[in-house]
2 protein chains.
Amino acid sequence: MSNNLNFVAKLRNSGLRPTKQRIKICEILFGSKETFHFSINDLSKIIAQKNSEKISLATIYNTVHAFLGKGYLKQIAVNSEQSYYDTNTTDHHHFYDIDKDKLIDIHDSEVEPVKINRKIPGKRIKSIEVLVKLQNT
Amino acid sequence: MSNNLNFVAKLRNSGLRPTKQRIKICEILFGSKETFHFSINDLSKIIAQKNSEKISLATIYNTVHAFLGKGYLKQIAVNSEQSYYDTNTTDHHHFYDIDKDKLIDIHDSEVEPVKINRKIPGKRIKSIEVLVKLQNT
DNA sequence: AAGTAGATTATAACTATTCTAAAGTAATAA
DNA sequence: TTATTACTTTAGAATAGTTATAATCTACTT
């Protein structure tokens, strides 16, 4: 309940109207302290389970895009058919379990910082993402 | 010409029949010493330019998948709508120029080796990919 | 040269995502 | 409040990338 008020404020502060759909999606994505990795499909299923009223697929896409734009989510580069998103927007890297089609955080303490000793004229680095693909042994 | 014979042998050695479509695609992908980054769309366009007879889109997909399976290509994780492939199958990383939608190799000498200090039980590392996203300054 | 397994092709089908335009809802002003 | 306005949601259509299908064709074996 008090959480909801936080989400309302969060949305309003960033210029997004706190609609019930957005609040519900906030609860799912940001309601727990844990990082959440998901595809639109994953999120749809969870909403279907947890919410009495359905939220249309278009709204789910709209909301995820809005949250991306506001920096509440970041997109992860994986070559799956689907796009993946992460509630942890800090700089960190991922394991991708190919067999389970699941992402796992790699904390910064678990990786030596990646150093790129090259500059491309006219360009600046926006992000550095490491993806470690895992296979069953 | 002598190159073509090499491609015929390469294909035959890996159990792929050396059809004229596959040989043509080999010429385009492996005919130069340079690394080649491409999407299916890129490859289609190049074939259309360089080849008198058209190659069907299905064959282009089939061939790229076959070459992936034989280890002649590797897929690169980028979050674009399209899949990207690389003729350089050695371990190396990439810049991704967001504005131009183009990939640039990062040679191993240009990056400190990425060290992951964590193991996931029952899993082994298949690959480590670093993607450095670039923006115009 | 004939038979067969594998390849190519056009096209249909499928999946993820984006677009559209109508109906609904939150914010604002009176 | 209420009315107005701008933003949202929605179902469904449209699009783009990719995969499946089934008929035709071709490379290899005998």
Original post:
Which residue lies toward the 5' end of DNA chain D, B/E81 or B/P18, if each is placed at its nearest nucleotide?
Top reply: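 The residue whose closest nucleotide sits nearer the 5' end is B/E81.
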Original post:
With nearest nucleotides of DNA chain D determined for B/H65 and B/R12 from heavy-atom distances, which residue corresponds to the more 5′ nucleotide?
Top reply: B/H65
[Y] side chain reached by [X] side chain, heavy atoms, under 4.5 Å:
X: B/F95; Y: B/L103; result: no
X: B/S83; Y: A/N79; result: no
X: B/Y85; Y: B/L68; result: yes
X: A/I25; Y: A/I47; result: yes
X: A/D86; Y: A/F36; result: no

**OP:** Please state whether the rings of A/Y72 and A/F67 are parallel, tilted or perpendicular, taking 30° and 60° as the class boundaries.
**Re:**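 Ring orientation, 0 to 90° scale: perpendicular.
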**OP:** Can you label the angle between the A/F7 ring and the A/F30 ring as parallel, tilted or perpendicular, going by 30° and 60°?
**Re:** tilted
**OP:** Using a strict cut-off of less than 4.0 Å between a Lys/Arg side-chain nitrogen and an Asp/Glu carboxylate oxygen, indicate whether A/K115 and B/E112 qualify as a salt bridge.
**Re:** no
**OP:** Remember a base hit wins even if backbone is also touched, and classify A/N41 as base, sugar-phosphate or nothing at under 4.0 Å, heavy atoms.
**Re:**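 Result for A/N41 = nothing.
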Original post:
Base, sugar-phosphate, or nothing: which does B/S83 touch, judged by heavy atoms less than 4.0 Å apart?
Top reply: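 Sugar-phosphate: the residue B/S83, judged by heavy atoms under 4.0 Å, touches backbone atoms but no base.
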Original post:
In residues 48-59 of chain A, which ones come under 4.0 Å of DNA chain D, going by heavy atoms?
Top reply: A/K54, A/I55, A/S56, A/A58, A/T59
Original post:
Looking at B/N136 and A/R124, what are the two nearest heavy atoms and their distance?
Top reply: O-CG, 4.4 Å
Original post:
Looking at the rings of B/H107 and B/H93, which for Trp means the six-membered one, are their centres under 6.0 Å apart?
Top reply: no
Original post:
Of all nucleotides in DNA chain C with an atom under 4.0 Å from a non-hydrogen atom of chain A, which is the first and which the last going 5' to 3'?
Top reply: C/dA16 to C/dA27
Original post:
Could you give the start and end, 5' to 3', of the contact zone on DNA chain D for chain A, using atoms under 4.0 Å from its heavy atoms?
Top reply: D/dA6 to D/dA11
